[in-house]
Asker: 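The structure's right below; bear with me while I get my questions together.
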Amino acid sequence: MEKKIIDINEYIERKKINKDYRYLHYKSRKKYSEDEERKKTFNLFMKVLATMEKESY
């Protein structure tokens, strides 16, 4: 088994890039999730209004 010598500057740079990538991926996924929740809430609200209108007649 060989021991590898790791350049510390290269390691730090690689970790920083991975962290940035994960953050951007999480941020975009979170935004998509918020948009989906907003659409679901709006659709539910419209169903409630339609039911109220139907029941009032």
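Residues: numbered from 1 along the sequence shown.
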Asker: Enter the distance from Asn18:CG to Lys15:NZ here, rounded to the nearest 0.5 Å.
Answerer: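 Answer for the CG-NZ pair, Asn18 versus Lys15, is 6.5 Å.
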
Asker: How about Ile17 and Glu13: do any of their side-chain heavy atoms sit closer than 4.5 Å?
Answerer: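 Of all side-chain heavy-atom pairs linking Glu13 with Ile17, at least one is under 4.5 Å.
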
Asker: Enter the distance from Glu10:CD to Ile6:CD1 here, rounded to the nearest 0.5 Å.
Answerer: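 Glu10 CD to Ile6 CD1: 9.0 Å, rounded to 0.5 Å.
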
Asker: Rounded to the nearest 0.5 Å, what separation is found between the NZ atom of Lys19 and the CD1 atom of Ile12?
Answerer: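 It comes to 12.5 Å.
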
Asker: May I ask you to list the residues sharing a hydrophobic cluster with Leu49, side-chain cutoff 4.5 Å, ordered by chain and number?
Answerer: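 Reading the cluster by chain and number, Leu49 sits alongside Phe42, Phe45, Met46.
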
